[in-house]
Number of protein chains: 2
Amino acid sequence: MKGPWWQQRLCDYGFRLTNPRAMIIGILRNTEKHLSAEEIYIDAVKINPSIGLTTIYRTLDLFTQIGVVQKFDFGDGRARYELTNNPLKKDHHHHLVCVKCKTIIDYTDFVHEELELMNKTEKALSRKYRFNIYHHTVHFYGICSQCQREG
Amino acid sequence: MKGPWWQQRLCDYGFRLTNPRAMIIGILRNTEKHLSAEEIYIDAVKINPSIGLTTIYRTLDLFTQIGVVQKFDFGDGRARYELTNNPLKKDHHHHLVCVKCKTIIDYTDFVHEELELMNKTEKALSRKYRFNIYHHTVHFYGICSQCQREG
DNA sequence: TGAATATTGATAATGGTTTCCATTAACAGG
DNA sequence: CCTGTTAATGGAAACCATTATCAATATTCA
Ligand SMILES: [Mn+2]
Ligand SMILES: [Mn+2]
Ligand SMILES: [Zn+2]
Ligand SMILES: [Zn+2]
């Protein structure tokens, strides 16, 4: 009955606690990056060489469903994942994406004001369109300083 | 030298005005939906059966580059496109996405306040992270009223 | 009009993600 | 602890949106 919140979450939904699942959480816990399935696989193989890429995809999908990870598309042709409640990160943040080198910055500037407005908007939208809103994304796209220098 | 703004834009960038390009603009002008490349292709074939899907992709890519259309990912595994300055739509809007049936609603509620905050945020982020910001996306994800009823 | 060249469209290739299915591992009940 | 039931795994093949290739065609402009 004890254990990290994500184990609790798995249990609540009737899913089993397995090595691959724990390993993937471990990898996501230890990075500030937004890893793709294959990047996670590469790290995972170092720990357990017999793990399969299929399992990575399946697990990330499961975790996304139950809210343990969040799946993003930043426009580079592959999905990227981030642990919900990553201890290395601020809880709520939005994203700044370099369309050239694909660098992703988590920013929290103005996030308080943004959140306030987001909540207000979310309420209004829920009422007006009868939507049950789960989450939102805010992405700013542009060119990072390094890519600007390099032309 | 005259003609719609997108023709001007093509010309400014040194691209030619061709039938497929005009046709794709026409299709996007006449819908409020967010069409995928294949959906556009299906409409295009009705007008010119010899058009190729490749051309659709190429053209949408070109239009995205020069700002004539905007490309979005709403999480259903294919890119979706929307004409910039579609006469059927409000200029600036954000999106409400049903994760179940993939319905997409353009909303403009609070968009004025949002935009104000977005501009402020954009300025602050540009300065702080030395980013040259081109655009942003705001997506709310949830379940639409119909999908709620259907369980 | 005709040469120069940008664009097109058919086909094949790519690559991230899913599906399939036989094998393995988790775990509740004994 | 065993053990049976059933969920989870991993390798291979399939899937499918998107891209690359390249010969044929259309546009532009002198
Ligand atoms: Mn992030
Ligand atoms: Mn829209
Ligand atoms: Zn960059
Ligand atoms: Zn729906």
Side-chain angles (χ1 to χ4, degrees), chain A residues 1-3 6-25 27 34-66 68-69 71-81 102, chain B residues 1 3 6-25 34-66 68-69 71-81 102:
Chain A
M1 278 316 156
K2 67 263 319 286
W6 58 271
Q7 288 187 11
Q8 192 60 53
R9 184 67 69 96
L10 270 183
C11 190
D12 289 349
Y13 279 85
F15 297 114
R16 295 176 178 175
L17 171 58
T18 67
N19 279 350
R21 287 171 184 172
M23 187 164 58
I24 288 168
I25 294 285
I27 289 167
H34 303 78
L35 299 177
S36 67
E38 188 161 18
E39 288 169 344
I40 293 170
Y41 175 65
I42 289 170
D43 284 0
V45 163
K46 293 175 192 157
I47 303 168
N48 173 4
S50 76
I51 199 168
L53 180 54
T54 303
T55 300
I56 307 289
Y57 276 106
R58 240 185 333 231
T59 303
L60 288 170
D61 201 50
L62 175 69
F63 283 160
T64 301
Q65 309 270 35
I66 66 178
V68 169
V69 311
K71 180 180 183 178
F72 294 100
D73 178 299
F74 294 114
D76 66 341
R78 70 207 61 196
R80 294 188 170 275
Y81 302 85
K102 312 302 179 187
Chain B
M1 275 322 153
W6 58 271
Q7 288 187 13
Q8 193 59 53
R9 185 66 70 96
L10 270 183
C11 191
D12 289 349
Y13 279 86
F15 296 114
R16 293 176 178 174
L17 172 59
T18 67
N19 278 350
R21 287 171 185 171
M23 186 164 57
I24 289 168
I25 294 286
H34 303 78
L35 299 178
S36 67
E38 188 161 17
E39 287 168 344
I40 293 170
Y41 175 66
I42 289 170
D43 284 359
V45 163
K46 292 175 194 158
I47 303 168
N48 172 4
S50 75
I51 198 167
L53 181 54
T54 304
T55 300
I56 307 290
Y57 276 107
R58 238 183 335 229
T59 303
L60 289 169
D61 200 50
L62 175 68
F63 283 161
T64 301
Q65 309 272 33
I66 66 178
V68 169
V69 311
K71 180 180 184 178
F72 293 100
D73 179 297
F74 294 114
D76 66 340
R78 69 209 61 197
R80 295 189 170 274
Y81 302 84
K102 313 300 179 188

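Order of the sequence lines sets the chain letters (A, B, ...), proteins ahead of strands, with each chain counted from 1.
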What's touching nucleotides 10-15 of chain C from the protein side, N or O pairs under 3.5 Å?
from   : atom 1 : to    : atom 2 : distance (Å)
C:dT11 : O4     : B:T54 : OG1    : 3.3

Give me the atom names and distance for the closest heavy-atom approach of A:K102 to A:G75. NZ-O, 3.9 Å
How close do A:Y81 and A:V69 get, counting heavy atoms only, and between which atoms? CD2-CG2, 4.1 Å
Tell me the interatomic distance from A:E38, atom CD, to C:dT17, atom C1', rounded to whole angstroms. 11 Å
Just jot down the side-chain hydrogen bond (donor to acceptor under 3.5 Å, both in side chains) partners of B:D61, sequence neighbours excluded, or say none. none
Earliest and latest nucleotide of DNA chain D, 5' to 3', sitting under 4.0 Å from a non-hydrogen atom of chain A? D:dT6 to D:dA12
side-chain hydrogen bond (donor to acceptor under 3.5 Å, both in side chains) partners of A:R58, counting only residues at least two apart: A:T55
Say whether, by atom type as modelled, one donor and one acceptor occur between the side chain of A:R80 and the main chain of A:F74 under 3.5 angstrom. no
Looking at every non-hydrogen atom in both residues, tell me the closest pair between B:L53 and B:A37 and how far apart they are. CD1-O, 4.1 Å
To the nearest Å, how far apart are B:L10 CG and C:dA6 P? 15 Å
I'd like a table of donor-acceptor pairs (distance under 3.5 Å, sequence neighbours excluded) in which one partner is a side-chain atom from residues 11-25 of chain A, with atom names and distances.
from  : atom 1 : to    : atom 2 : distance (Å)
A:D12 : OD1    : A:Q8  : NE2    : 3.2
A:T18 : OG1    : A:R21 : N      : 3.4
A:R21 : NH1    : A:R16 : O      : 2.6

Can you give me the closest heavy-atom contact between B:F63 and B:L10, atom names plus distance? CE2-CD2, 4.0 Å
Hey, what are the protein-to-nucleotides 26-30 of chain C N/O distances that come in under 3.5 Å?
from   : atom 1 : to    : atom 2 : distance (Å)
C:dA26 : N3     : A:R16 : NH1    : 3.1
C:dC27 : OP1    : A:L17 : N      : 3.2

Gap between atom CD of A:Q65 and atom CZ of A:R9 - 0.5 Å precision: 12.5 Å
Once you apply a heavy-atom cut-off of 4.0 Å, does A:G14 come out as touching a base, just sugar-phosphate, or nothing? nothing
Between C:dT24 atom P and A:N48 atom CG, what is the distance in whole Å? 15 Å
Atom CD1 in B:I40, atom OG1 in B:T59: separation rounded to 0.5 Å? 9.5 Å
